[in-house]
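Computed over heavy atoms, backbone and side chain alike; hydrogens, waters and symmetry mates excluded. Start at 1 and go down the list; that is how both ligands and their atoms are numbered.
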Amino acid sequence: MEQISMPVDVPPTRHLPATFRPASATSGAAGWQVGGNPLAGLAEALGTPVWVIDTGEIRSRLRRLFAACSAHWPSGARILFASKAHGHPAIARLLADGGADLETVSIGEIEAAVAAGVGGDRIVLQGHGRAPDDHARALAHGVRRFHVDACDEIAPLAEAAASAGVSVEVLVRVLPGITADTHPALATGVAGSKFGLPEGPDLDQAVGAIRRAGNLKLIGLQLHTGSQIHDPETFKATGAVAGRIAADLHRRTGWMPAVLDLGGGLAVPYGPDDAEPNPEAWIEALARGFAEGWPDAPATWPQLVVEPGRWLVATAGCTVYTILSVKHANGCVVVDGGLADNPRVSLYEANYVHEGLLPGQSEGGRAWRLVGRTCEEGDELGTVMLRDPRPGDRIVGWVAGAYHYAMASRYNRLPRPALVLVEAGRRALASRRERPADLLATEIPSPEWSLG
Ligand SMILES: Cc1ncc(COP(=O)(O)O)c(C=O)c1O
């Protein structure tokens, strides 16, 4: 990391609640700074848009979550970071160094973690839509725990384990059938969802097949009720369904889960009216639900696994944009980013808060539509309070650490932004801004008709 001089810190005084920003955010004459780094300086050095991640914020959230698990779940817990929330290798390494393991959904996510030095024994591969060679490739990287999402995944997994001469641990993904308090596209645990197996014949069949397969060891159940969930009662319902199904399987088959993976999904505040959810309430609700679902569970409960993505990384991130034009008649301010670096607004009608980078840019201003530069009417980033916006002014978008880098596209052939990590006055470039040549690198401008 490059060492730079520490700017003078001033407590934040701007109009938005502090819950949107990492704890290190301060505002001074030179504008917002995060992790001891002035955002204006980062924008100048790296161009805009630029993604900034405060690694100290991620570390402190992970510590808080470990403490919440120790306080509220009696038999130990393992935290898996859901890599889909931020797939950069350096983020995988940061979380692994803090004690988290990784939940992955593809060989690409596994290879990112392995490239950063995370061992396969710290990585779990989810089911759902596995390609034929995924099992063998994951096993070759040392992955030894898999979540099975469909009966069809079991035989190929057993065959791959047998060919590799290893035994693997398996959790079955159960569809909890819970309607979560979230956007429909994020309610992955709702009855009829494509994920997991509902209680009934398919689940029984999967449990039986895994238990009979030579190289597979059924160690637990996995349930994920959805994403961006605020209400602890939804998590209580997840714990209760897990407890009830575990109790039922135990009564009928004698099998007892050693591990209960109750998914991720804790929300973060995106809109001005959103409360700050709390991880202690999350784990406490899961435990309360499990006790209710299985009142006479054995004294030693299964080990808890949770799979947070968003809550660990979202608030640690922000994006700095530059205003390209101000259209007074249309009431909008056009910035040099948009749905290519943050597709969540278009996908989920997600809320985002933005403000001027410098003091005085936002205070006393009026609401403008902040729109992205791509050719889509829906490329809107939300509203922003600005007093006198001008081309060249900088805007900061908060809560940008989850599902931005991971979901970014090159729509309109816009190069993906640089990603910089900051902490305690230091900064480290994690991804340089893409160049037009990067976009052309895999393309064959004049394809030859020779493929037969
Ligand atoms: C199975 C599973 N686990 C964990 C997560 C992480 O969810 P979140 O980022 O909301 O914590 C997801 C998100 O889609 C998921 O599908």
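- In terms of the side-chain contact (heavy atoms from CB on, under 4.5 Å) criterion, residue partners of T19 (sequence neighbours excluded) are, by chain and number, P17, P269, E276.
- Between L39 and L42, some side-chain heavy-atom pair lies under the 4.5 Å cut-off.
- For the residue pair N215 / S167, no side-chain donor-acceptor distance below 3.5 Å is found, with atom types taken as modelled.
- There is a side-chain donor-acceptor pair under 3.5 Å between T238 and T225.
- Side chain to side chain, R373 and Y321 fail the donor-acceptor criterion of an N or O pair below 3.5 Å.
- Listed by chain and residue number, the protein contacts of ligand 1 are A82, K84, E103, Q126, R173, Q222, H224, S227, Q228, G264, G265, E307, P308, G309, R310, Y403 (heavy atom within 4.0 angstrom).
- Residues D341 and Y405 have side chains not in contact (no heavy-atom distance under 4.5 Å, counting atoms from C-beta outward).
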